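Each remark here refers to the structure printed beneath this line.
Computed from a predicted structure; not experimentally measured.
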Amino acid sequence: MIIEEVKKELTGHIIPFWNKLRDDENGGFYGYMGYDLKLDKQADKGVILHARILWFYSKAYITLGDKTLLDNARHAYEFIKNHCIDYEYGGVYWMMNYKGEPADTMKHTYNIAFAIYALSCYYNASGDKEALELAYKLFHDIENNTLDEYGYREAFDRQWNLVSNDALSENGLHADKTMNAILHLIEAYTELYKADHNEEVAKRLKFQLGQMRDIVYTPETNALKVFFDTKFDLVGDIHSFGHDIEATWLMDLACDTLGDEELKKQFAEMDLKISHNIQNIALDNGALNNERENDKIDKKRVWWVEAESVVGFINAYQHSGEKKFLESARSVWEYIKAEIIDKREGSEWYAEVSYDHKPHDWKEIVGPWKCPYHNGRMCMEVINRGVDF
């Protein structure tokens, strides 16, 4: 059954792989492993990568209760606390060198959100109040420095002057604001609210949910817009299938955590429509296609898209009782086992696989974005939701 299979993948493969990347000399975890499985111990260390590692080990400890997981979480926490947070100007840096010195001092709302997510989860795992204090420091950094009259701005230099949002812009488009940043603020503030039910956090979380419902969601197509200018006018015509299915369960979780019955009802209906849409238009040959840009479908299979779709489809089943969602979750998990999990000794999951089953050998196994957060979280969500099939 699927729970035992994903638990074995988590405890027998994903966790042991990341354990070996711990850097006890310079702190944190090594920042890069190429497709050739060569580890670069002097590669820059992404702050997003380290926040996701901290979240991963914290949540794994909560899920599995193994003290060695909490020790690795503490190791990641010490690196973030001592190296990644800018105590002079606020926020967190974008990139550190291998010694833990700032390599890129850009401030990004998305990146700070992941630090809040990780620190909050570490507090929820360890009870370390300093971690919660740091999460609130970063929460106030976002609220005090990034908002304009429309919503959250995203990219800044070290002293909070606006810079081009290249980090989250892609497809040759420039976006001032993104669905992706709002989604991961929701994720972060949900975890922070879970820590101590702060009403200010609840208020801002409801604001972000409202933006997803009223600005980002398109009722006519049951899809989420991706890129915007500063006033939230649409930029480009892109539909990100992975973000849509990820958003469904993260928004449902936010509403459940808030305990707001009206919001729960609104978003359950909206998220179920999005899930149906993704199932109908993006599920192809047992896995999820990546995205649509204009009239072109990108059919490559991306590790995080597949992982999030398993959780999203299980969540849709739990809200609807429709067995076809379980069938979709199972088909994607079978695809992951067959194609995405790298069977080579000393590896983890491929980052991308082509539609005709060829791993993309130009994509790294570990990097600033390639992390244990999506696939590890998929395993833990399956375990914790207890839906076996």
Side-chain angles (χ1 to χ4, degrees), residues 2-31 33 39 41 45-85 92 96 100 114-136 138 187-188 190-196 253 257 307 311 341 345-349 365-366 370-386 388:
I2 193 170
I3 292 178
E4 281 307 310
E5 290 178 3
V6 299
K7 190 172 184 179
K8 182 180 177 183
E9 174 61 20
L10 178 64
T11 60
H13 188 209
I14 297 173
I15 290 172
F17 174 83
W18 288 94
N19 288 348
K20 292 177 182 176
L21 292 176
R22 177 167 163 158
D23 182 354
D24 284 312
E25 181 180 356
N26 293 298
F29 289 72
Y30 297 119
M33 178 188 285
L39 182 63
K41 294 185 177 183
K45 294 174 175 177
V47 177
I48 288 173
L49 174 65
H50 276 77
R52 289 172 166 185
I53 288 172
L54 173 56
W55 177 87
F56 168 71
Y57 277 113
S58 300
K59 187 67 173 182
Y61 172 69
I62 292 169
T63 301
L64 301 170
D66 181 344
K67 288 286 176 65
T68 61
L69 299 168
L70 189 60
D71 183 63
N72 273 336
R74 188 176 297 111
H75 183 73
Y77 169 66
E78 292 294 331
F79 184 78
I80 289 173
K81 179 182 75 171
N82 295 329
H83 298 276
C84 303
I85 296 174
V92 298
M96 318 306 293
F114 267 101
I116 293 170
Y117 185 50
L119 290 164
S120 302
C121 191
Y122 180 64
Y123 168 76
N124 290 332
S126 68
D128 187 334
K129 290 189 176 177
E130 181 187 44
L132 185 60
E133 290 168 4
L134 288 174
Y136 272 108
L138 296 177
E187 171 188 70
T190 299
E191 191 70 25
L192 182 57
Y193 182 73
K194 191 191 300 181
D196 67 348
L253 177 63
T257 304
V311 183
I341 295 173
E345 184 71 28
S347 191
E348 194 226 36
W349 287 26
I365 302 297
V366 173
K370 181 63 166 56
C371 59
Y373 147 77
H374 291 285
N375 53 357
R377 185 167 70 174
M378 181 209 79
C379 295
M380 290 184 272
E381 284 294 320
V382 170
I383 293 165
N384 290 327
R385 286 167 184 263
D388 214 356

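- Applying the side chain to side chain contact (heavy atoms under 4.5 Å, CB included) test to His83 and every residue at least two apart in sequence or in another chain returns Phe79, Met96.
- Judged by distance alone, the side chain of Lys194 and the main-chain N or O of Ser120 form no donor-acceptor pair under 3.5 Å.
- Taken to the nearest 0.5 Å, the SG atom of Cys379 stands 9.5 Å off from the CD1 atom of Ile2.
- Put simply, the side chain of His75 never gets that close to the backbone of Gly27: no donor and acceptor are under 3.5 Å apart.
- Salt bridge absent: Arg377 and Glu381 never bring a charged side-chain N and a carboxylate O closer than 4.0 Å.
- Every pair passing salt bridge (Lys or Arg N to Asp or Glu O under 4.0 Å) that includes a residue from residues 60-75 is listed here, sequence neighbours excluded: Arg22-Asp71, Asp71-Arg74.
- Here the side chains of Ile15 and Leu10 are in contact, with some heavy-atom distance below 4.5 Å.
- Residues Leu134 and Tyr122 fail the side-chain proximity criterion, which asks for heavy atoms closer than 4.5 Å.
- Using a 4.5 Å heavy-atom cutoff, the side chains of Val366 and Glu348 are not in contact.
- Residue pairs meeting the side-chain hydrogen bond (donor to acceptor under 3.5 Å, both in side chains) criterion with at least one member in residues 123-134, sequence neighbours excluded, are Tyr77-Glu130, Lys81-Glu130, Asn124-Glu191.
- Taking the six-membered ring where the residue is Trp, Phe29 and Tyr57 present parallel rings, their angle staying beneath 30° rather than reaching 60°.
- For the pair Trp349/Lys370, a side-chain contact is recorded, criterion being any heavy-atom separation below 4.5 Å from C-beta on.
- For Val92 against Ala115, the heavy-atom pair with the smallest separation is CG1-CB, 4.0 Å.
- Taking the six-membered ring for Trp and thresholds of 30 and 60 degrees, Trp55 and Tyr117 have nearly parallel ring planes, at less than 30 degrees apart.
- Two residues are said to be in side-chain contact when any heavy atoms from C-beta on lie closer than 4.5 Å; Cys121 and Ile62 meet this criterion.
- The closest side-chain heavy-atom distance from Asn384 to Lys59 is below 4.5 Å.
- Residues Phe56 and Ile14 are in side-chain contact: their nearest non-hydrogen atoms beyond the backbone lie under 4.5 Å apart.
- The structure places OG1 of Thr190 at 11.5 Å from CD1 of Ile116, a figure rounded to the nearest 0.5 Å.
- Residues Pro372 and Ile53 approach most closely at CD-CG1, 3.9 Å, considering heavy atoms.
- Here the closest heavy-atom approach between residue Leu192 and residue Ala135 is recorded as CD1-CB, 4.0 Å.
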